[in-house]
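Following: one structure in structure tokens, then a few remarks.
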Amino acid sequence: MTGEWTDPERAKIPLGHYAAQWITQRPGLRPRTVELYRWLLRKHIEPYLGGVELGKLSTSIVRQWRSERLMAGVSESVTAKAYRLLRAVLTTAVDEDKILPRNPCRVRGADREHAAERPVVTVAQVFELANRMPGRFRALVLLAAFNSLRWGEVTALRRCDIAEDASWLRVSQALVEVPGRGLIVGPPKSRAGVRELIIPAAIRSEVVKHLATYVKSEPTALLFSGERNGNALRRPNFNQRVKWTKVVADMGLKGLHFHDLRHAGNIWASKAGTSTKDLMARMGHDDMRAALIYQRATSDADERIADRLSKLVDDHRKGSTDEDDDPDGGSSGTLVPVS
């Protein structure tokens with residue numbers, strides 16, 4: 001007999017109760033993540049599996065639960081998130097609490113989600129979008145795009161986080177909106193999110209102008225705030241104030257999200273011949289998978305190869321035409337040795 005012994009009495013705890021405790025006791029979770037986990041548990045796990053004892057869960061039960069969620073019209077993305085939460089909870093039951101001998105979440109492919117491909121804006125479109133913003137939010141768009149900043153990062157910037165000549169900025173905190181609690185200040189999304197970034201010289205004058213026009217002199221003054229009260233920006237209020245949905249639709253970019261500005265910045269950075277490590281640092285990621293995805297998606301090497309091959313074909317066709325025009329009707333018939 002192999003494996004460690006587990007107490008069958010402890011395995012009688014209902015999944016819903018164990019999962020709720022797991023979320024409460026999990027260290028280091030960001031407030032938004034806690035809210036997401038509680039919502040997934042309340043909406044997609046508790047009503048269907050919450051009363052099942054941990055010891056009675058099986059892969060077939062998990063597979064059936066997932067299938068029913070999808071058939072009920074729950075998106076693949078949300079279902080995958082709920083599955084990953086369930087798997088993480090039960091991993092703790094196996095590895096740390098020794099309640100279960102093995103994790104029943106073994107449904108192949110259930111943890112994958114295929115998000116819809118996001119639009120990629122051009123540099124010209126970013127400047128057009130900035131031009132369509134009220135003056136106090138023009139630099140907000142430019143910094144988010146050209147410095148690959150998340151909404152919570154760019155809206156948390158203070159005067160002390162940026163050089164007077166706008167040559168660099170420092171990301172040291174982020175604003176997070178939590179239901180029932182409003183905006184709270186916390187750390188960036190990941191450990192690598194704390195970073196210092198060079199601001200492209202081409203937009204520094206715009207940022208300096210913004211500092212002089214819209215930002216108070218105190219070191220802790222927010223770079224971007226509401227017009228009336230000077231408070232931190234909330235995304236719904238910002239979208240309404242700048243008429244975001246209408247503006248992007250008028251530009252032919254219907255469905256563009258603010259986060260797509262960061263997406264564009266990441267793509268531009270990956271095309272600049274940046275190493276994976278440097279790209280991770282600029283993006284604020286401590287996991288190289290995201291950087292590798294951007295680098296693979298934007299690799300110009302294959303395009304250069306295709307262009308070279310196309311040129312060989314064009315040269316061949318041009319040579320054939322020249323031969324057809326030869327008054328002697330001859331052909332060189334030269335063989336090119338293969339090395």
*asked:* Any side-chain to backbone donor/acceptor pair from Asn239 onto Pro236? Under 3.5 Å, distance only.
replied: no

*Just wondering, are more than 12 heavy atoms of other shown residues or ligands nearer than 6.0 Å to CD in Glu164?*
no

*At their closest point, which heavy atom of Gly50 faces which heavy atom of Pro14, and how far apart are they?*
O-CB, 3.5 Å

*Would you indicate whether the side-chain heavy atoms of Leu169 and Leu149 approach each other to under 4.5 Å?*
yes

*asked:* Any heavy-atom pair between the side chains of Thr92 and Ile99 that's under 4.5 Å?
replied: no

_Hydrophobic clusters here meaning ILVMFWY residues chained together by side-chain heavy-atom distances under 4.5 Å, can you tell me if Ile198 and Ile162 are in one?_
no

*Does the side chain of His263 reach to within under 4.5 Å of the side chain of Val120, using non-hydrogen atoms?*
yes

*Side-chain contact, heavy-atom cut-off 4.5 Å: Ile61 with Leu49?*
yes

*Answer yes or no: is there a side-chain heavy-atom contact under 4.5 Å between Asn231 and Leu183?*
no

*Quick check: does any side chain N or O of Asn103 sit under 3.5 Å from a backbone N or O of Val94, one acting as donor and the other as acceptor?*
no

*If you take all heavy atoms of Leu223 and Arg159, which pair is closest and at what distance?*
CD1-N, 3.4 Å

*asked:* Could you check whether any side-chain heavy atom of Ile45 comes within less than 4.5 Å of a side-chain heavy atom of Leu15, counting everything from C-beta outward?
replied: yes

_Set out, in order, the CA-CA distance, both residues' side-chain angles and the distance that settles side chain to side chain contact (heavy atoms under 4.5 Å, CB included) for Val141 and Leu261, then state yes or no._
CA-CA 8 Å; Val141 168; Leu261 298 175; 4.0 Å; yes

*asked:* Could you check whether any side-chain N or O of Tyr83 sits under 3.5 Å from a backbone N or O of Cys105, counting only pairs where one atom can act as donor and the other as acceptor?
replied: yes

_Check: Ser67 side chain, Arg63 main-chain N or O, donor-acceptor pair, under 3.5 Å_ = no

*Any chance the rings of Phe127 and Phe146 have centres within less than 6.0 Å?*
yes

*Shortest non-hydrogen contact from Phe224 to Arg136?*
CD2-O, 3.7 Å

*Side chains of Arg26 and Tyr37: do they bring a donor and an acceptor to under 3.5 Å?*
no

*Can you pull the salt bridge (charged side-chain N to carboxylate O under 4.0 Å, His left out) pairs that have at least one residue in residues 200-214, sequence neighbours excluded?*
Arg138-Glu206

_Quick check on the 6.0 Å ring-centre criterion: do Phe258 and Trp151 meet it?_
yes

*Report the residue from Arg195, Arg262, Gln173 that forms a side chain to side chain donor-acceptor pair (under 3.5 Å) with Glu153.*
Arg195

*Just wondering, do Leu233 and Leu140 contact through their side chains at under 4.5 Å, heavy atoms?*
yes

*Contact check, side chains of Thr79 and Glu76, non-hydrogen atoms, under 4.5 Å*: no

*Answer with yes or no whether the hydrophobic clustering places Leu157 together with Val185; edges join I, L, V, M, F, W, Y residues whose side-chain heavy atoms lie under 4.5 Å apart.*
no

*Does Leu197 belong to the same Ile/Leu/Val/Met/Phe/Trp/Tyr cluster as Val154, with side-chain heavy atoms less than 4.5 Å apart forming each link?*
yes

_Hydrophobic clusters here meaning ILVMFWY residues chained together by side-chain heavy-atom distances under 4.5 Å, can you tell me if Leu222 and Val207 are in one?_
no

*asked:* Tell me if the CD atom of Gln240 is crowded by more than 12 foreign heavy atoms within 6.0 Å.
replied: no

_Ignoring hydrogens, what is the shortest heavy-atom contact between Asp111 and Arg84? Give both atom names and the distance._
O-NH1, 2.8 Å

*asked:* Check for me, please, whether Leu142 and Val123 land in the same ILVMFWY cluster - side-chain distances under 4.5 Å, paths through other members count.
replied: yes

*Just by distance, do the side chain of Trp244 and the backbone of Leu256 share a donor-acceptor pair under 3.5 Å?*
yes

*Can you check side-chain hydrogen bond (donor to acceptor under 3.5 Å, both in side chains) on Tyr48 and Arg69, steps first, answer last?*
CA-CA 10 Å; Tyr48 312 99; Arg69 294 291 77 220; 3.0 Å; yes

_Heavy-atom closest pair, residues Val247 and Val242_ = CG2-O, 3.5 Å

*Closest approach of Thr59 and Pro104, non-hydrogen atoms and distance?*
OG1-O, 2.9 Å

*Output field: ring centroids Trp39/His44 closer than 6.0 Å*: yes

*Report yes or no: does Lys98 contribute a side-chain atom to a donor-acceptor pair with the main-chain N or O of Asp95 at less than 3.5 Å?*
yes

*Would you tell me whether Ser75 and Ser77 have side-chain atoms, one donor and one acceptor, within less than 3.5 Å of each other?*
no

